[in-house]
K.L.:
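One structure coming up, written as structure tokens, with questions to follow.
What's counted below: heavy atoms across the whole structure, side chains too, no hydrogens, waters or symmetry copies. Counting convention: from 1, in listed order, for ligands and their atoms alike.
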Amino acid sequence: MADEANGTAVGATQAKPKMGKWLLLVGAVIMLSGLLFGYDQGVIAGALDGIQKTFNTDTAMIQIITSWVTLGALVGALVAGTLADKIGRRLTILLAAILFVIGALLESLAPGTTILVIGRLVVGFGVGVASVAAPLYAAEQAPTRLRGRFVSIYQLAITIGIFVAYLVNQALISNDTWRVMLGISAVPAVLLFLVMLPMPDSPRWFLKVGRKDDAVKALSKVRPDVDAAAEINEIEEASREEDESPSTWGEVFSKKLRKPLMVGIGLAVFQQITGINAIIYYANKIFAQAGFITPEGQAAATTWAIGAVNVLATLIAVVYVDRFGRRPLLLAGLVGMTLSLTTVGVTFHFMDKADTSGAGAGGPTTAGLITLVALVVFIASFAFSLGPVVWTVINEIFPNRVRGRAVAVATAFNWGSAWLVSQFFLTLIESIGNSATFYLFAFFAVLAYIWIWKRVPETKGRTFEEIQMIWEDDDPVQSQRDAGTL
Ligand code: BGC
């Protein structure tokens, strides 16, 4: 038992972990990284109009300006895997913060679209690097019994970032304020750099590169309530059987890692193909159909019905992920997502049939109001389940030696799927229609439910080392069921 969280742990000095100053700072790192991720994701919708007016851009350029952050993030995530394993989690996060600042400044001072697009790519690269390194760092620094909570704070911060971006969009909508909107993200990036600077790297990374003394020092700094030397010995003992040679990309795709890799990639992909970002991004348009006539009315509905509900429901996960476990939250959320997506599909069926060109003349239609409620249910269901839990599970299922790279692969799949959905959502709507598009998302949610039910084991309350033992079973979920731990 390599952690004090388990009652039988040899190194157990205390059952309840204390939140000391350094552990709180780990929380601040994860919070700032998530804020940047969310803000950069949410702010572009409000900035596009001004950019279009300033540079007189065509639609193709607007799409590039919008989506290249995601492409940059995909590459950033992959690079971060190697970096986080080689130079450490801490330096990788510092690098991400520097990229954020450079990217934000390039964007906000851009004299033309070329520099703007370069700025978007650099910011995207930073988002991608941080989206791998920050949750990884948090998962490795957190006491086992708080690990889910620490990683879901990352998701909470993403949702706060999106919400703040929606608010800024609402407040600053006029021609040239887009420069301020995009430039603002340099502020939390500088803060991230300053908070990260005095922090130690994670003890597990120090151990991985053979710096045992630093591992003990780092652990006793961040968690003064545990017997650091004993705990580090246990972790070392548990990983002794692991091969000592440097980890490689080939190893990530080896047969030995197939089960956790499939779980990580599957969760990453399902999180996106069930439609979250289509809704986050196109909420305004959907609310327009629901009868919210003015852009201000639509923006307000998006800010509160989507942005604020997203934050509030994520709080549920932060509180309950370590109590209820990962599987119950995932499965319950998918039920809510399936029902609400189907409802939106049905109401669109009626809205499509009716002449929506005059929709809203007399206020929101009934079908429109049902859509609004269904979207709130969808966001809430995603926010307490797939949103945070996917990131939590991805960061706890891989063995120490390849964790950085393996997390990077799953994260890159997440960005790749996000890019596909945002790129093809409008095309799908044009070719198969609104209703069928939402039925398709609902269908993927059903598939996700069945697959998680069969393939994703429970990881709550288990140390990293115990989680590795799960994969030794042929059918991990069935074994947990047989053992009565599900
Ligand atoms: C997803 C993002 C999404 C956000 C919404 C995150 O977990 O990875 O793609 O925009 O949740 O809150």
K.L.:
Phe163 and Trp304: aromatic ring centres closer than 6.0 Å?
P.N.:
yes
K.L.:
Using the side chain to side chain donor-acceptor pair (under 3.5 Å) rule, pick out the option among Glu466, Arg327, Arg147, Glu396 that qualifies with Thr459.
P.N.:
Glu396
K.L.:
What orientation do Trp453 and Tyr449 show, parallel under 30°, tilted 30 to 60°, or perpendicular over 60°?
P.N.:
parallel
K.L.:
For residues Trp391 and Ser131, is any side-chain donor paired with an opposing acceptor at under 3.5 Å?
P.N.:
no
K.L.:
Distance under 4.0 Å, heavy atoms only, partner ligand 1: which residues pass?
P.N.:
Gln41, Gln155, Thr159, Ile162, Gln271, Gln272, Asn277, Ile280, Asn310, Phe382, Gly387, Trp391, Asn414
K.L.:
Please check: side-chain N/O of Asp201 versus main-chain N/O of Arg89, any donor-acceptor pairing under 3.5 Å?
P.N.:
yes
K.L.:
Under a 4.0 Å threshold between the charged nitrogen and the carboxylate oxygen, would Arg403 count as salt-bridged to Glu140?
P.N.:
yes
